[in-house]
Amino acid sequence: MLQLFNTLTGKREPFEPIEPKTVRMYVCGVTVYDYCHIGHARSALVFDVLRRYLEYSGYAVTFVKNFTDVDDKIIKRANEQGVSCESITSKFIDAYYEDMGKLGIGRATEEPKATAHMTEIVNLTEALISKGLAYAVGGDVYFQVEKYPAYGRLSKRKLEDLQAGARVDIDERKRHPMDFALWKSSKPGEPSWPSPWGSGRPGWHIECSAMSIRLLGETFDIHGGGMDLIFPHHENEIAQSCGATGKEFARYWVHNGFVQVNQEKMSKSLGNFFTIREIFEKSEWTEAVTGEILRYFLLSTHYHGPLDFSDQGLKESKQALDGFYDLFYRLGESDLRTAADVSLGPMIERTISAFQQAMDNDLNTPVAVSELQKLRGDLNKLVQQGLSTDARRRARQAFRSLGAVLGLFQTDRWEFGSRIAECDKQISDQEVELKIAERAAAKKQKDFTRADAIRKELNALGITIEDKPDGTSRWKR
RNA sequence: GGCGCCGUACCCAAGUGGUAAGGGAGCAGUCUGCAAAACUGCGAUGCGGCGGUUCGAACCCGCCCGGCGCCUCCA
């Protein structure tokens, strides 16, 4: 049974959905004013894998992930560039899909935008005012945190503590310094929508409450996002939602850790910032391969902890994947021997069970991957002992189906050598085959000088040759 | 000032009270004309330090050292 670490309770808990075999989850997406970085990728990937695993486990999942498309930073960016906010947001939404698509991150069931839910946002704000939890000042509306006794429940903070360390500007119009905006009056030139308080735009937190309630109901199963959203974003969402509905909001709160560089959080001010597209542009591998490397890398650490991004980390992920695809390559060859066939079934069963156990344990992807590594080692032995063509096919299929949960091992076109794009141009498969045949002939005549020369020539083109005991050779790029 | 996280071999990384998973690198072998791949063996008497609880602790408690995050926008 799946157990998840719930930020709300600070404990790992068995996951029990509200409705059997059904999961409704909401994940905070991105504010679309810039390209996504690796940190965004990690968050998106963690919840992509959670969704995949829930579906693998037999749940029908309704997955909602929003785009924040109205916000101070968007307005600022639009003004800087002298373009409309809409042109900024549509550009970066497209970029989001493009970048995440390369990582194999699928679309959510619903991907709502704040700007398309103004009615719900205004209604929710009105409800909070009528319940005495919010108040209007001028054209602004604030949530009054002191009226919501459970404020601080998620982030485990007390109002007094927040006050002590607050560096926020004191706004005399607020009744408490921590009161936050539900609705902001708009300045000239800013995007705005009509409301009972004059034209304006929503505060940051209210959109998620409005859209999740609209699409998933007042109470739903899982709410996720990055660690940094715990406070104030998610704390405020809870206050707004529970305050308005009087019901429980999300039952399980799941938060992923940060991507860091040299032990420090990635941030623009430190200049240690890598966008997803930058990684792909700089990669010496093809897009599909780079995507899988990145995925493997991001999943090789538990989602809850910090993850240090580094070239070495990517390199090690590539090597690990090379090992898997090396095996898959050999599993694709035919063999009449069947000596090890009987061992295969139990071996796969054991792996499936261990894999599920790892994933059930708060989505422990590093252990899940290591179980696949064990299977890889075991299968390498079986292949040596003799595994029939059919058994090899079943073995490959096992990797394919478990790998699908992590988004790994799906391709049949892995690239072993680097700079593959250039290699492709330099020599075709047919030409390689010709060279290999020529080399085989040389070997047969014990002309090893010639054989080695051909191998060296192919190596230079990114082709690796492996001689088999029977005198034939396999090769890979 | 408040809240919280982290510190496991050369590197990455599991472990959540029962005697240190897995991967990479390295070294030594097997195989091979050589190479590549694969396989085999070697690698923390030890889990930042010091105490404590316990029959037993990397795992629980306390103190200390070191690193980081949040409290303002942030995945």
Side-chain angles (χ1 to χ4, degrees), chain A residues 7 10-12 27-31 33-34 36-47 71-73 76 152 155-158 160-169 178 204 224-233 235 255-260 262-269 296-297 300-302 304-308 310 312-313 315-324 326-327 329-330 354 358 361-362 364-374 376-377 379-381 383-385 416 443 446-449 451-452 455-456 459 464-469 473-476:
Chain A
T7 307
K11 288 184 305 200
R12 196 182 308 172
V27 172
C28 290
V30 293
T31 300
Y33 74 104
D34 207 344
C36 290
H37 60 240
I38 308 296
H40 297 113
R42 185 181 194 197
S43 185
L45 181 58
V46 164
F47 294 102
D71 161 271
D72 290 347
K73 292 189 293 291
K76 183 165 176 264
S155 56
K156 321 250 181 309
R157 289 159 209 256
K158 298 189 188 83
E160 308 88 82
D161 299 338
L162 287 167
Q163 224 173 332
R167 282 173 285 164
V168 286
D169 297 331
M178 293 314 294
W204 175 35
M227 290 278 189
D228 48 354
L229 297 182
I230 294 171
F231 190 90
H233 185 55
E235 193 68 63
H255 295 98
N256 65 276
F258 292 123
V259 177
Q260 314 180 318
N262 298 324
Q263 266 49 264
E264 288 176 313
K265 178 182 172 179
M266 263 195 195
S267 78
K268 285 185 174 173
S269 56
Y296 187 99
F297 173 70
S300 61
T301 298
H302 185 80
H304 204 258
L307 167 61
D308 222 52
S310 67
Q312 194 194 329
K315 194 178 157 202
E316 288 182 4
S317 297
K318 173 64 167 68
Q319 285 173 317
L321 285 166
D322 280 346
F324 280 107
D326 248 312
L327 170 63
Y329 190 62
R330 276 171 280 120
N361 185 11
D362 196 26
N364 198 332
T365 54
V367 170
V369 168
S370 83
E371 293 302 336
L372 295 170
Q373 287 281 14
K374 282 183 201 164
R376 177 180 76 96
L379 272 168
N380 273 325
K381 283 166 217 154
V383 166
Q384 280 187 342
Q385 289 163 27
F416 293 91
K443 272 174 53 179
K446 300 265 187 267
D447 182 0
F448 296 119
T449 310
D452 289 350
R455 183 169 60 201
K456 202 175 167 190
N459 280 163
T464 303
I465 292 176
E466 294 170 19
D467 291 338
K468 295 195 272 188
S473 307
R474 65 168 71 92
W475 64 276
K476 60 195 185 191

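Hydrogens, waters and symmetry mates are skipped; everything else that's a heavy atom, side chains included, is used. Every value quoted in this text rests on a predicted model; they were computed, and no experiment measured them. Per chain, numbering begins at 1; letters A, B, ... match sequence-line order.
Between the P atoms of B:rA36 and B:rU45, the separation comes to 32 Å (whole Å). Between B:rC68 and B:rA25, the distance separating the two P atoms is 31 Å to the nearest Å. Comparing the C1' positions of B:rG26 and B:rC63 gives a spacing of 39 Å, expressed to the nearest Å. Between the C1' atoms of B:rA58 and B:rC47, the separation comes to 5 Å (whole Å). When the C1' atom is used for both B:rC60 and B:rU16, the distance is 10 Å, rounded to whole Å. The same atom, C1', is picked in B:rC50 and in B:rA14; the two are 27 Å apart, to the nearest Å. Taking atom C1' on both nucleotides, B:rU19 is separated from B:rG24 by 27 Å, rounded to a whole Å. One C1' atom belongs to B:rG22, the other to B:rA44, and the distance between them is 15 Å to the nearest Å.
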Task: A:Val259/A:His40 under side-chain contact (heavy atoms from CB on, under 4.5 Å): CA gap, chis, key distance, verdict - done: CA-CA 9 Å; A:Val259 177; A:His40 297 113; over 6 Å; no
Task: Verdict with supporting geometry, A:His255 and A:His304, side-chain contact (heavy atoms from CB on, under 4.5 Å) - done: CA-CA 7 Å; A:His255 295 98; A:His304 204 258; 5.5 Å; no
- [ ] Give the intermediate values and the outcome of side-chain contact (heavy atoms from CB on, under 4.5 Å) for residues A:Trp475 and A:Phe416.
- [x] CA-CA 10 Å; A:Trp475 64 276; A:Phe416 293 91; over 6 Å; no
Open item on the list: Please evaluate residues A:Cys36 and A:Val30 with respect to the criterion side-chain contact (heavy atoms from CB on, under 4.5 Å), reporting the C-alpha separation (whole Å), side-chain torsions for both, the decisive distance (0.1 Å), and the verdict.
Closed with: CA-CA 8 Å; A:Cys36 290; A:Val30 293; 4.3 Å; yes
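Listed by chain and number, the residues in a side-chain contact (heavy atoms from CB on, under 4.5 Å) with A:Asn459 are A:Arg455 (sequence neighbours excluded). Considering only residues two or more places apart in sequence or on other chains, A:His302 meets the ring pair (Phe, Tyr, Trp, His ring centres under 6.0 Å) condition with none of them. Annotation: ring pair (Phe, Tyr, Trp, His ring centres under 6.0 Å) contacts of A:Phe297 (sequence neighbours excluded): A:Phe309.
Shortest non-hydrogen contact noted between A:Thr7 and A:Lys156 is O-NZ, 2.8 Å. Here the closest heavy-atom approach between residue A:His233 and residue A:Cys28 is recorded as NE2-SG, 3.5 Å. Minimum heavy-atom separation, A:Arg42 to A:Phe258: NH1-O, 3.1 Å. When all heavy atoms of A:Gly225 and A:Ser43 are compared, the closest pair comes out as C-OG, 4.2 Å. Taking each heavy atom of A:Ile465 and A:Ser473 in turn, the nearest pair found is CG2-CB, 4.0 Å.
No donor-acceptor contact under 3.5 angstrom links the side chains of A:Asp71 and A:Thr31, judged on distance only.
A:Gly225 comes within 4.0 angstrom of sugar-phosphate atoms only, judged by non-hydrogen atoms across all strands, and of no base. A:Ser155 comes within contact range of the sugar-phosphate backbone alone, with a heavy-atom separation under 4.0 Å but no base atom that close. At the heavy-atom level, A:Val46 lies nowhere under 4.0 Å from the strands shown. Backbone-only contact: A:Gly226 has heavy atoms under 4.0 Å from sugar-phosphate atoms and none from a base. A:Gly152 comes within contact range of no nucleotide atom at all, as no heavy-atom separation falls under 4.0 Å. Among the atoms of the strands shown, none is found under 4.0 Å from any heavy atom of A:Tyr329.
A:Lys315 has its NZ atom 9 Å from the P atom of B:rA25, to the nearest Å. When the C1' atom of B:rC3 is taken as reference, atom NZ of A:Lys158 falls 9 Å away, rounded to whole Å. Atom CD1 in A:Ile230 sits about 11 Å away from atom P in B:rC71, given to the nearest Å. What separates CD of A:Glu235 from C1' of B:rU72 is a distance of 16 Å, to the nearest Å. Between A:Leu321 atom CG and B:rG24 atom P there is a gap of 11 Å when expressed in whole angstrom units. Per the geometry, NZ belonging to A:Lys265 stands 20 Å off P belonging to B:rG67, to the nearest Å. To the nearest angstrom, C1' of B:rG69 lies 14 Å from CG of A:Leu229. The nearest whole Å value for the distance from the CG atom in A:Asp71 to the P atom in B:rC73 is 10 Å.
Scanning RNA chain B for stems, defined as runs of 3 or more consecutive Watson-Crick or G-U wobble pairs whose donor-acceptor distances all fall under 3.5 Å, gives the following ranges: B:1-7 with B:65-71, B:10-12 with B:22-24, B:26-30 with B:38-42, B:48-52 with B:60-64.
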Open item on the list: Output one letter per nucleotide in nucleotides 26-42 of chain B: B when a protein non-hydrogen atom lies under 4.0 Å from the base, S when only the sugar-phosphate is that close, - when neither is.
Closed with: -------BBBBSBSS--
Open item on the list: Each nucleotide in nucleotides 8-21 of chain B should get exactly one letter: B, S or -. Can you fill that in based on protein heavy atoms under 4.0 Å?
Closed with: ---BSSSSB----B
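With the nearest nucleotide of RNA chain B identified for both A:Gly305 and A:Met266, A:Gly305 has the one nearer the 5' end.
Look at A:Lys318 and you won't find any side-chain N or O under 4.0 angstrom from OP1 or OP2 of B:rG24.
Judged by the 6.0 Å distance and 45° axis criteria, A:Arg157 is positioned over the aromatic ring of A:Phe231.
Nearest to the side-chain atoms of A:Arg157 among the listed nucleotides B:rA25, B:rA75, B:rG2 stands B:rG2.
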